[in-house]
Amino acid sequence: MNMPAILERDITPTGNDYDLVRQVIERISLDYRSQPSLEDISADLGLSPARLQKTFTRWAGLTPKAFLQAVTLDHARRLLGTEGLPLLDASLELGLSGPGRLHDLFVTHEAMSPGDFKSGGSGLVIRYGFHSSPFGTALVMTTDRGLCGLGFADPGGEAEALEDMAKRWPGAKLEHDQAGTASLATQVFAPGSWSADRPLRIVLIGTDFQVKVWEALLRIPLGSARTYSDVATEIGKPSASRAVGAAVGRNPISFVVPCHRALGKSGALTGYHWGLTRKRAMLGWEAGQLGG
DNA sequence: ATATTAATTCTCC
DNA sequence: GGAGAATTAATAT
């Protein structure tokens, strides 16, 4: 008996909504030029506009119309423009814009280089479990020091996701621990619960360069975005945007380390390890979290 | 407007 | 060393 009771009440009641959200995003991405109407989309998906409206609002805190608005290129450009703007009243981000405060207050992290990992961490035990999330099934991986991995799987793709993540830590011992990762999963997807009292502890395992890039990502506030070259400049290597892109793509703790807030200079979403659709979904969802 | 090219930095094999 | 990557700016269709 694996204590399924804990699992039952985990996470978002909205876990199943992502499937619908995903289809909508794919639909509008297909020909975003024509700005399909709500009726068009609901007809395509074979459900009523009312149902679509309801599900969306529950999922994102945004009406479908506002959501469509939020995933346009225009909106992405606006995110890039919010450098020093008054984001401060967004309760979540209070204190985050001060340099470095984030690590102390909400997310504590420690970095582990591949060298450290090899010598000291070869016996490292990583426990993992699959949990529903606003963005589909999430693969949550943790060491006793904190969250070390977060990935996503489409339906039926769990094994693939696990393999993808496992490859990153060849020496580690993986243990399936569904119950033990459940509360962590809950915390991860309720960013409002991250606080000084209960910071989310994460462990960044990567090269110096990668860790620097991921730390830079952690400093991007909710509801804002940076270009790859912004990040490159921030870590003191202005011409390394391409390398930054590669490092962002290797981010092992997606969502928590907000790699979805890195955009191309034009505002285009240039790539995402777990699928561009998910990146769009995260940006749209975050727009809703701001209280919009 | 969209496609191709060159410059660029870091990783991995 | 060489290829590839979630880039970008410049150049050519």
Side-chain angles (χ1 to χ4, degrees), chain A residues 22 25-26 29-35 70-77 79-81 83 111-119 121-122 135-136 138-139 148-154 157 160-161 163-172 203-222 224-286:
Chain A
R22 177 174 54 76
I25 294 175
E26 278 166 5
S29 305
L30 212 58
D31 58 347
Y32 64 97
R33 240 167 279 271
S34 71
Q35 291 280 343
V71 297
T72 61
L73 192 63
D74 265 4
H75 182 263
R77 289 216 180 92
L79 293 182
L80 291 173
E83 294 287 342
M112 201 185 285
S113 75
D116 294 341
F117 178 61
K118 219 169 192 172
S119 49
S122 56
F135 312 105
L139 169 57
C148 69
L150 180 58
F152 294 93
D154 287 324
E160 191 185 337
E163 187 187 355
D164 182 318
M165 294 297 289
K167 269 188 311 196
R168 298 160 192 248
W169 308 293
V203 181
L204 263 24
I205 304 175
T207 65
D208 280 355
F209 180 83
Q210 288 170 336
V211 170
K212 265 189 211 134
V213 170
W214 300 336
E215 286 171 343
L217 293 178
L218 279 170
R219 280 182 234 116
I220 308 176
L222 177 72
S224 168
R226 296 293 129 85
T227 67
Y228 295 95
S229 68
D230 285 342
V231 175
T233 301
E234 184 160 338
I235 64 172
K237 302 189 177 245
S239 59
S241 55
R242 185 73 192 264
V244 165
V248 172
R250 300 281 301 162
N251 166 30
I253 318 182
S254 71
F255 183 68
V256 174
V257 176
C259 50
H260 53 284
R261 294 181 200 150
L263 310 177
K265 200 153 228 178
S266 66
L269 280 56
T270 47
Y272 195 72
H273 187 77
W274 306 105
L276 279 181
T277 294
R278 219 177 304 264
K279 187 168 181 175
R280 254 180 257 278
M282 285 181 183
L283 289 168
W285 185 80
E286 287 192 342

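Note that the structure is predicted; figures quoted are calculated from it, not measured. So that the names make sense, note that chain A is the first sequence line, chain B the second, and so on, each numbered from 1.
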Point to revise | Side-chain donor/acceptor of A:K265 to backbone N/O of A:T227, under 3.5 Å | key: no
Exercise for review: Quick one: label A:Y228 by what it contacts on the DNA or RNA (base, sugar-phosphate, nothing), any heavy atom closer than 4.0 Å.
Suggested key: base
Review point. Ignoring hydrogens and angles, are the base of C:dA6 and the side chain of A:Y272 linked by a donor-acceptor pair under 3.5 Å?
Key: no
Point to revise | Minimum-distance nucleotide (side-chain atoms of A:C259 versus C:dA5, C:dA6, C:dT8) | key: C:dA6
**Study point:** Heavy-atom donor-acceptor pair, A:R242 side-chain to C:dT7 base, under 3.5 Å
**Key:** yes
Point to revise | Heavy-atom donor-acceptor pair, A:S229 side chain to A:A232 backbone, under 3.5 Å | key: no
Check your understanding: For A:E26, does the CD atom sit with more than 12 other heavy atoms under 6.0 Å from it, leaving out its own atoms?
Key -> yes
Study note, to complete from the structure: When A:K279 and A:K265 are each assigned the nearest nucleotide of DNA chain C, the 5'-most assignment goes to A:K279
Review point. For the pair made of CD in A:Q210 and C1' in C:dA6, what is the distance, rounded to whole Å?
Key: 13 Å
Check your understanding: Does A:R278 come within less than 4.0 Å of A:D154, counting only side-chain N to carboxylate O?
Key -> yes
Check your understanding: Is A:A240 touching bases, backbone alone, or none of the nucleic acid, heavy atoms closer than 4.0 Å?
Key -> sugar-phosphate
Practice item. Measure the shortest side-chain to side-chain distance between A:D164 and A:H273 over non-hydrogen atoms and say whether it is less than 4.5 angstrom. Key: yes
**Study point:** Dot-bracket summary - DNA chain C, pairs being Watson-Crick or G-U whose distances fall under 3.5 Å, with | when paired to another strand
**Key:** |||||.|||||||
Exercise for review: Compare the minimum distances between each of B:dT11, C:dT8, B:dT8 and the side chain of A:T227, then state the nucleotide with the smallest one.
Suggested key: C:dT8
Check your understanding: Given A:V213 and A:V248, is the side-chain contact (heavy atoms from CB on, under 4.5 Å) satisfied, shown in steps?
Key -> CA-CA 7 Å; A:V213 170; A:V248 172; 3.7 Å; yes
Review point. A:S266 near the nucleic acid: base, sugar-phosphate alone, or nothing, with a heavy-atom cut-off under 4.0 Å?
Key: nothing
